[in-house]
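Convention: sequence-line order gives letters A, B, ...; per-chain numbering from 1. Just so you know, these numbers come straight off a predicted model, no measurement behind them.
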Number of protein chains: 2
Amino acid sequence: MATINDIAEKLHISNATVSRALRSSGYVKAELKEKIFRTAEELGYAPNPLAVGLRTRRSHGISIVLPSMNNPVSVELLENLEKLADRNGYHVMISTTDGNIETERKYVQLLDAGLVDGTVLVPGPRRSPEEEYLQHIRKRNIALFNRDLAGLSLDVVKSDAVQAGRLAMEHLACRGYRRIGMILPPLETSLAQERLEGCQEGADAAGIRLEEKWMLRARGTTPAAGKAAADELLSRQSRPDGLLVLDNILTVGVLQALREKNLSLPEDLGLVSFDDIVNGELVGAGITYVGQPMPQIAEALFSLLLLRMEGQPGMARQSICLPVRLIERGSTRRL
Amino acid sequence: MATINDIAEKLHISNATVSRALRSSGYVKAELKEKIFRTAEELGYAPNPLAVGLRTRRSHGISIVLPSMNNPVSVELLENLEKLADRNGYHVMISTTDGNIETERKYVQLLDAGLVDGTVLVPGPRRSPEEEYLQHIRKRNIALFNRDLAGLSLDVVKSDAVQAGRLAMEHLACRGYRRIGMILPPLETSLAQERLEGCQEGADAAGIRLEEKWMLRARGTTPAAGKAAADELLSRQSRPDGLLVLDNILTVGVLQALREKNLSLPEDLGLVSFDDIVNGELVGAGITYVGQPMPQIAEALFSLLLLRMEGQPGMARQSICLPVRLIERGSTRRL
DNA sequence: CTGAAAGCGCTAACAA
DNA sequence: TTGTTAGCGCTTTCAG
């Protein structure tokens, strides 16, 4: 590749002048400037991002670090962030951690290493506070999605998980469901806990008593785990008439279970999923769900990052919470 | 961040020695080496990838450039590649082009700029040969997925699209379907063309005549386009009894159309999709499809790239074609 | 308005 | 076995 030195040499000028011209920083005579641009074109010049980055300490890259991409929500996040990044002159690095905190740390550290200028992080579950490596990351250009990590002073953008729980429960309640069952993910994340909290609030408000025996905790966040939980719940003699599934990946498994047992929605059971499943409108009569505003979430995450990367330093930590919406489809009965 | 110079200074040795020790290249006394590692640890040293890259011309990054992520096949590709990359010490940059060739060029050029060492490219449609920028890319560490770009001498990994067509058609034929309809994507890519070719072969072999009137070209590769095409096809007085949908995104739209028209699979129509749709097993009686071996494809793509990036130069261009499989679910009738 | 020079952090000849 | 030196490509004072 041609370098600015090649251009300088060819034009018998100094590389400093070339640099100034190409970046329109500092003075350089219009005439010369044009000549420089022409030869740059001729030689097929493109700046070396590594050199620029080394010198300026800005890489114009962001990274997205998340547990996995097997969730449509993650993919949507990714898609939206990528578009925003591109539009703002940033490229994006992506890394999946599979819930492994060591991997997570490895990639978040690339921030300090200078490979990227900012990071959108969806933290995996923490087993103990000691594992928390984030406090040792110097560069604080990190925005978290949907997880609150206490006392870390990082920007957070989340959707209102408590509201989501309330909405879902209210919906079941006002559709006449009274015996409510729940399939829960492992409650390791604040997200899951808040959803549950919201459900409880909603139940209280509607005068519904949630039976412990109908609240099943899945062993993991996989379709298989969801199916296992649903299998158990649905093989009981006494069954709920409405079901809340607090994680869309679990929902997939629950639907498999229902299909095997020849139960249909909403005839045999009402169901509300937290987050949509892909093609949810095509499954049975359509899956009713509480959905997050992913484009807005991505926008908020990126703006915060951008402020940290390009704005004033010392900006106070921000926490943004966006409202969710219940999308009614056919898995709950109509009024 | 601490640098090797900080370590060198603290230990009153030269940075070269530190470098050698840390990278275990060249000689350095075991004792000293250990001391170096200890202080590196103490100081929280991490190498600056930009500096390393600038010096060595190796970034240890690959990029994945594709039209979009709204296809589960793309996402699977991404997931698999990311795992392979991580396992081999590479990080991955992702960019979606939205079919825009300028964007595509911009990101592929990062190869020459040195930001990444290799690129997996899913080219968008080309309107004319003049737009073909790829010949001007100097660094040939590019592996294409499922698109053959003639005369470019780039590695290609594809699944056998012709076989896919044959399999799908044979399946319909041997299930007794005779009046075969097809929903086609715009035939801008070799992939679509080869699938169609395979269908024709399969039809010939089975003694089925494909009626032009039942072959509809969708205007785009979106669910909406698929729905529109299906709407038109299915509102005819004379209808096919078996339907081949040559693109899974179109399949989603076709299924919407069927649902609106209250047609069910396989009672009213047999359907085979090219590539699965997400949660395809949950839609109706399940969607029968011809699927690509994405993990193997990703592996092949990454190995080729790795050979180019780390192996001997001058390796001849490779073209790998992997077999597809038909997965029978419920959208075609059983024997 | 332009150039000389220093240096970002690291590696790699070469010398000692 | 270690150090010296040069330089990857670029930006940025500082002088002129």
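Applying the 6.0 Å contact sphere to CD of Glu9(A) captures no more than 12 heavy atoms from other residues, nucleotides or ligands.
Considering every non-hydrogen atom in both Leu111(A) and Asn141(A), the closest pair reads CD1-O, 3.8 Å.
Salt-bridge formation is not detected for the pair Asp98(B)/Arg87(A): no Lys NZ or Arg NE/NH1/NH2 atom is positioned less than 4.0 Å from an Asp or Glu carboxylate oxygen. Contact check on Glu102(B) versus Arg105(B) returns a salt bridge, with a Lys/Arg side-chain nitrogen under 4.0 Å from an Asp/Glu carboxylate oxygen. Ionic pairing of Arg38(A) and Glu34(A) is present here: one or more N-O contacts between side-chain nitrogen and carboxylate oxygen are shorter than 4.0 angstrom.
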Under the criterion side-chain hydrogen bond (donor to acceptor under 3.5 Å, both in side chains), I'd like the reasoning laid out for Glu104(A) against Tyr133(A): C-alpha separation, chi angles, the key distance, then a yes or no. CA-CA 9 Å; Glu104(A) 188 182 310; Tyr133(A) 65 91; 2.7 Å; yes

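OP1 or OP2 of dG3(C) sits under 4.0 Å from a side-chain N or O of Ser14(A).
Comparing Thr3(A) and Val28(B) along DNA chain D, the residue whose closest nucleotide (by nearest heavy atom) sits nearer the 5' end is Val28(B).
Distance Asn48(B) CG to dG9(D) C1': 14 Å, rounded to the nearest Å. For the pair Leu115(A) CG and dC10(C) C1', the computed distance is 14 Å after rounding to whole Å. Remark: C1' of dC10(C) and CD1 of Ile7(B) are 12 Å apart, rounded to the nearest angstrom. Distance Ile36(A) CD1 to dT2(C) C1': 10 Å, rounded to the nearest Å. Atom-to-atom, CZ of Arg57(B) to P of dC8(D) comes out at 8 Å; the value is rounded to the nearest Å. The nearest whole Å value for the distance from the CG atom in Asn5(B) to the C1' atom in dG3(D) is 14 Å. Distance, Glu9(A) CD to dG3(C) C1': 15 Å, rounded to whole Å. The distance between atom CG of Leu43(B) and atom C1' of dG9(C), rounded to the nearest whole Å, is 15 Å.
When each of Val28(A), Ile13(A), Leu32(A), Thr3(A) is tested with Val18(A) by the rule side chain to side chain contact (heavy atoms under 4.5 Å, CB included), just one qualifies, namely Ile13(A). Checking each of Arg140(A), Arg317(A), Arg308(A) against Asp155(A) for a side-chain hydrogen bond (donor to acceptor under 3.5 Å, both in side chains) leaves exactly one that passes, namely Arg308(A).
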Expected rows: protein N/O vs nucleotides 11-15 of chain D N/O, under 3.5 Å:
unit_1, atom_1, unit_2, atom_2, d
dT11(D), OP2, Ser19(A), OG, 2.8
dT11(D), O2, Arg55(A), NH1, 2.0
dT12(D), OP2, Arg23(A), NH2, 3.0
dT12(D), O4', Arg55(A), NH2, 3.3

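From one end of the helix from dC1(C)-dG16(D) to dA16(C)-dT1(D) to the other, with five pairs defining each end axis, the axis direction shifts by 40° (rounded to 10°).
Looking at the side chain of Ile13(B), the nearest of the listed nucleotides dC10(D), dG3(D), dT1(D) is dG3(D).
Counting non-hydrogen atoms under 4.0 angstrom, Leu50(A) reaches nothing in the nucleic acid.
For residues 53-66 of chain B, the pairs satisfying side chain to side chain donor-acceptor pair (under 3.5 Å) are Arg58(B)-Tyr90(B), Arg58(B)-Asp117(B), Ser59(B)-Asp117(B), Ser63(B)-Thr119(B), with sequence neighbours left out.
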